[in-house]
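Note that this is a predicted model, so its numbers are computed, not measured. Whatever order the structure lists them in is the order used to number ligands and atoms, beginning at 1.
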Amino acid sequence: MINPTTSSSIAAVVKTVPRRVVVSPLVLRTVKVVPKLVEHSAAPEAKACNGDAFARADRENEKAIGKQMPVKATARERTKFDFTAEKDMERPPQACQLGLDISAWRLTRLQDVSDDVEVFLNMFDSSIIVLATKVFPQSADMSKKRALDSFFTPMSHKKARSSPELPIKPESSQIDASTTDFSNHWTYPYPVPHLTPDIVGELNQVPASEGRAINDQPDLDLLYFQPYIPKSIERDLFDFLRQNLFFYRVQYIIKRYGTETQINTPRYTTVFGVDTSSTFTATGDLVDSQTTKPVPPERYKACASQPRSIPQCLDHLRQLTEIFTGATYNFCLVNYYANGADSISYHSDDERFLGSNPSIASFSLGSTRDFCMKHKPIPPKDGEPPPEQNLKPPLKLPLASGDMVLMRGRTQANWLHSIPKRKGKGSEGGRINITFRKGVEKYSTQNYYQYNVGEGAVWKWDKRKGEMREWVKSRNE
Ligand SMILES: O=C(O)CCC(=O)C(=O)O
Ligand SMILES: [Fe+2]
């Protein structure tokens, strides 16, 4: 067994931006994602970061990776890249090279893999930090040791790894880096547990199948995964979310032609997130995304609920979805259809506050329900028969548990979608729908909280009764 005395590390931030995976040396542009690491460079933006999920590995290596360690990153393909410490000095260069295949969500290639290389893979908001540490044996030549010491901080508490296995299966301590087992926020009626390590481990294997493009009709651009979430956890994830999330049955009044009508939303809903003008800090406070100063109270004064941070159990899926769809999302809407009587009528998510051609990733868990889509009616030209597109039967996708539909491009601008009520066979069970979207105007926050949280009672799944029940605080859950 090697007796570690000093060690060296290389690290890189892997960040996904639309359509690209960008790998940067850790010392560059990490301010928005890893506050604690940035304390070393005293960047003010650090305060605005989503540092909630701060890894054990990072804490242990904080000093080392906070130092200036130039790292050269080379993308091999869209999802594969290598990085190497540039100033490798006396070390054999292969000691500090590793390859990462982001699509498999695993480290796939480690050169010079030996008992004394430790690798940590930590996921943050839209980014991953990969940190490889090589522990040098006691017998290392002293001149080499001094050179290394002056460059890297020794980490004497690091233990040599006895049997490194490749590929490395992500463990909860590596990816789900939070220090508590619950997500909480002052706006939540109650804390929401984190996903279990088993679910996280399986979830990291997404997508479970290749997406099928559906783009053979005018303005339609879908990517349909059957499934996206591995079959091994789809039921557990459904049960987990139904059990632990809080929902609402929103009512609101609309005024049409001078008459007021009360609308009862025919499903349970909830929403998390905030538009791009604001960012949650590690402690759940809202700061302005530009200035990092606290958000002025007027910004969300009109909201039914103040913006809620996305709990880990949904945020983990959001981050994975960002990577594989190449889009970014700041809202998570959840629908629970208790049975076939619950539904959503034809609509499109084409609000201005989503920007043009928004990408919306939509997940299904639980009972299969039909997802119907039809082109928005095209007005007939004077004296001509109605365009053919208006007469076509709707497209029907039987969304099963674990499936995902990515709607993108011109789809929202031109197509309507719905989950119609269902009678008879298959109408019994519940279904959860999760959508990730990006709101680019502050009005998106007001709109989403108004229609998905509202002002009414909190509903929670009652396992004993097997149904949703109004939740009251005194029940002490
Ligand atoms: O439940 C679904 O699959 C669709 C939900 C939906 O369209 C929405 O929330 O905007
Ligand atoms: Fe929708």
- Query: What do the steps show when you test Lys460 against Glu470 for side chain to side chain contact (heavy atoms under 4.5 Å, CB included), and what is the final call?
  - Reply: CA-CA 6 Å; Lys460 186 183 195 301; Glu470 251 184 72; over 6 Å; no
- Below 4.5 Å, heavy atoms only, C-beta onward: do Pro420 and Cys372 meet side chain to side chain? yes
- Query: Of Ile432, Asn433, Asn452, which has the heavy atom at the shortest distance from atom 2 (C) of ligand 1?
  - Reply: Asn433
- Step through it carefully: locate the ring centre of Phe272, locate the ring centre of Phe246, and say whether they are under 6.0 Å apart. yes
- Should the heavy atoms of other residues, nucleotides or ligands under 6.0 Å from CD of Gln251 be counted, would the total exceed 12? yes
- Query: Can you tell which part of Ile344 has a heavy atom less than 4.0 Å from ligand 1: side chain, backbone, both or neither?
  - Reply: side chain
- Message: Are Tyr448 and Phe353 an aromatic pair, judged by ring center distance below 6.0 Å?
- Response: yes
- Taking only non-hydrogen atoms of Asp349 and a 4.0 Å limit, the atoms of ligand 1 in range are 10 (O)
- Query: What do the steps show when you test Asp370 against Ile419 for side chain to side chain contact (heavy atoms under 4.5 Å, CB included), and what is the final call?
  - Reply: CA-CA 6 Å; Asp370 289 336; Ile419 300 280; over 6 Å; no
- Going by the side chain to side chain donor-acceptor pair (under 3.5 Å) test, name the single residue among Thr435, Asn433, Asp403 that passes it with Ser362. Asn433
- Query: Are any of the N/O atoms in His347 less than 3.5 Å from those in ligand 1?
  - Reply: yes
- Please identify which atoms of ligand 1 are closer than 4.0 Å to at least one heavy atom of His417. 7 (O)
- Task: Nearest heavy atom to atom 10 (O) of ligand 1 wins, so pick from Arg431, Arg437, Arg369, Met407.
- Result: Arg437
- Query: What is the OD2(Asp349)-the Fe ion (ligand 2)-NE2(His417) angle, to the nearest 10 degrees?
  - Reply: 90°
- Query: How far is atom 1 (O) of ligand 1 from its nearest protein heavy atom, and which residue and atom name does that atom have?
  - Reply: Tyr337 OH, 2.6 Å
- Nearest non-hydrogen protein atom, atom 9 (O) of ligand 1: Asn335 ND2, 3.0 Å
